[in-house]
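Notes to accompany the following structure.
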Amino acid sequence: MADQILIKNGTVVTMNDAGEVFFGGSVLLDGDRIADVGPAGEVAARQPPGGPVQVIDAAGMAVLPGLVDLHYHTALGKGWSDHRPLWEYLETCWYPIIRALDDDAAYWAALASYTESIRCGVTTVNDMYRRLDALAAAAEQVGIRAVLSSDVADDEHDLDTLADNQRAYRNNHGKAGGRIEVSVGIEWLPLASQGLLRDAAALAGELGTGIHIHLNESLTEVENAKQRFGRRPTEVAYDCGILGPATIAAHCVWLSDTEIALMRETGTQISHNPVSNAKLGNGVARVPEMLNAGLNVGLGHDAAECNNSRDLFEVMKAASLMHRATRVDASLQQAPDVVKMATRNGSAALGHQGGQLAAGHKADVILIDLHSQMFTPLMPGNADHLFSHLVFAANGSCVDTTIIDGQIVMQDRQLTTIDEPTVLHQANQAFRRVLDKMIVPGQGR
Ligand SMILES: [Zn+2]
């Protein structure tokens with residue numbers, strides 16, 4: 001890792017409190033932090049003699065904070081048997097695959113997943129999956145910032161236990177200079193008793209870490225909660241102490257007004273995952289109401305099994321279009337606000353000092369090549385034009401360089417930390433091996 005990296009002469013989209021965009025700007029990275037941001041001349045004038053070790057000329061590039069994928073699963077079985085609705089898909093494909101997972105498969109699946117994310121400008125993933133030791137090893141190697149959580153459910157479902165999650169915390173929390181963290185994961189309420197939810201909240205409190213849970217994803221989940229607990233999912237989570245500012249609640253599609261108020265009261269963080277919700281036929285979350293209530297809403301792709309890409313640019317576009325279409329209102333989800341969801345909001349949700357280009361913040365930075373059809377035409381000096389392209393015209397292939405924690409993990413679209421063909425080959429092999437081992441309930445192997 002170079003001690004200092006100067007990214008100069010780019011269009012610097014800071015996403016800072018003032019919403020500043022510097023045309024002909026520079027960003028100076030010092031170790032794992034951003035040291036200076038501003039017009040190139042000013043940054044150069046403030047620089048001490050000697051200069052940085054490495055200089056990146058960002059002329060013709062936009063420089064942004066790295067994207068935060070707030071609801072994420074490492075994925076092994078993209079596109080496999082994915083024609084089913086959520087509950088049926090979980091029972092016949094997702095759970096059987098992750099029950100048959102071994103460490104080696106988890107490692108290669110994570111490397112392949114994180115590689116695609118880095119390619120699309122994602123610098124942080126909030127990843128709920130199994131075999132976290134293997135995931136942490138993959139995250140450490142490829143260089144991504146990862147918050148990992150286990151897939152905890154009641155024992156009879158043969159997924160992870162809170163003891164597994166606690167062990168994973170002990171083994172991995174704070175690894176790679178703090179780049180890897182472990183929080184407590186809960187699969188979802190249909191696989192959880194109230195006792196498990198209370199124990200999960202207690203464990204998170206004891207460890208001083210966050211919670212990651214699927215909540216209010218589908219109407220079937222809402223009905224399940226009403227039948228088993230006599231209340232809606234968010235009311236159950238509230239009563240069991242699951243909600244709070246360190247909790248990421250993923251989906252939240254079918255929130256009642258009361259549930260939105262509970263999210264507000266507890267300061268719970270929301271991950272909006274519009275592509276997954278659409279693909280699985282789960283509906284459209286009430287994001288305008290959530291934002292009006294003052295909730296912090298970030299964006300997630302969910303999993304390549306239900307997306308089917310990890311491109312957060314696609315998610316940004318859907319996070320605008322879906323609400324405009326269903327409310328018949330083109331004023332909703334304007335481009336700068338959507339970019340904020342994918343950067344600042346996600347970072348804040350995880351309690352990270354990132355998501356914006358400002359001195360003292362984490363050195364998670366992406367460079368976007370503006371020399372393409374995606375960014376043509378582009379009016380010089382016009383930030384609104386650029387924001388529009390970022391949300392409505394671009395996809396992840398516009399990302400040229402990804403820097404995480406001050407380390408260049410992709411440059412000129414080449415991964416620097418791994419051999420990508422090997423990763424893809426091994427992920428393919430792992431998928432076939434796990435399919436051979438997996439047992440579908442009622443069908444045998
Ligand atoms: Zn999910």
Side-chain angles (χ1 to χ4, degrees), residues 68-80 82 84-99 101 106 109-110 113-114 116-117 122 124-132 135 146-153 157 159-160 165 183-192 200 210-222 224 233-234 237 242 247-255 268-285 297-312 314-315 318-319 346 349-350:
V68 178
D69 199 329
L70 193 55
H71 180 59
Y72 195 102
H73 308 276
T74 281
L76 189 64
K78 177 174 77 181
W80 187 258
D82 69 349
R84 304 168 195 273
L86 174 64
W87 202 299
E88 194 183 325
Y89 174 73
L90 288 171
E91 294 295 338
T92 60
C93 193
W94 176 261
Y95 295 143
I97 283 183
I98 63 174
R99 286 183 189 120
L101 201 68
S113 300
Y114 299 158
E116 184 178 354
S117 294
V122 169
T124 300
V125 294
N126 186 33
D127 186 0
M128 180 198 290
Y129 205 56
R130 308 193 69 193
R131 299 186 176 268
L132 302 196
L135 267 57
V147 181
L148 308 174
S149 51
S150 298
D151 207 355
V152 176
H157 300 293
L159 293 170
D160 288 329
N165 208 148
S183 62
V184 174
I186 291 285
E187 163 62 13
W188 69 336
L189 263 55
L191 269 52
I211 293 174
H212 186 188
I213 184 170
H214 294 105
L215 194 61
N216 218 319
E217 180 173 4
S218 66
L219 280 173
T220 48
E221 177 189 344
V222 175
N224 178 277
T234 308
I242 286 289
T247 294
I248 314 289
H251 301 302
C252 303
V253 176
W254 295 100
L255 293 187
T268 302
Q269 317 290 340
I270 311 289
S271 179
H272 176 41
N273 317 298
V275 177
S276 164
N277 297 156
K279 183 175 183 237
L280 292 167
N282 282 330
V284 179
V297 182
L299 298 179
H301 89 288
D302 196 355
E305 277 93 344
C306 50
N307 189 296
N308 287 4
S309 100
R310 298 178 185 86
D311 188 341
L312 218 57
E314 291 180 3
V315 174
L350 292 167

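Both ligands and their constituent atoms are indexed starting at 1 by order of listing.
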Of L280, L86, N277, V275, the residue whose pairing with C306 passes side chain to side chain contact (heavy atoms under 4.5 Å, CB included)
L280

On a heavy-atom basis, the closest approach of A106 and L101 is CB-CD2, 3.9 Å

Sequence neighbours left out, what passes ring pair (Phe, Tyr, Trp, His ring centres under 6.0 Å) with H71? Give chain and number order.
H73, H212, H214, H251

How long is the straight-line distance from OG1 of T220 back to CG of N282, given to the nearest 0.5 Å?
7.0 Å

Decide side-chain contact (heavy atoms from CB on, under 4.5 Å) for Y72 and S113; before the verdict, give the C-alpha distance in whole Å, the side-chain angles of both, and the deciding distance to 0.1 Å.
CA-CA 10 Å; Y72 195 102; S113 300; 3.5 Å; yes

Could you enumerate the protein N, O or S atoms under 2.8 Å from the Zn ion (ligand 1), written like residue then atom name?
H71 NE2, H73 NE2, H214 NE2, D302 OD1

Evaluation steps, salt bridge (Lys or Arg N to Asp or Glu O under 4.0 Å), between K279 and D302
CA-CA 11 Å; K279 183 175 183 237; D302 196 355; over 6 Å; no

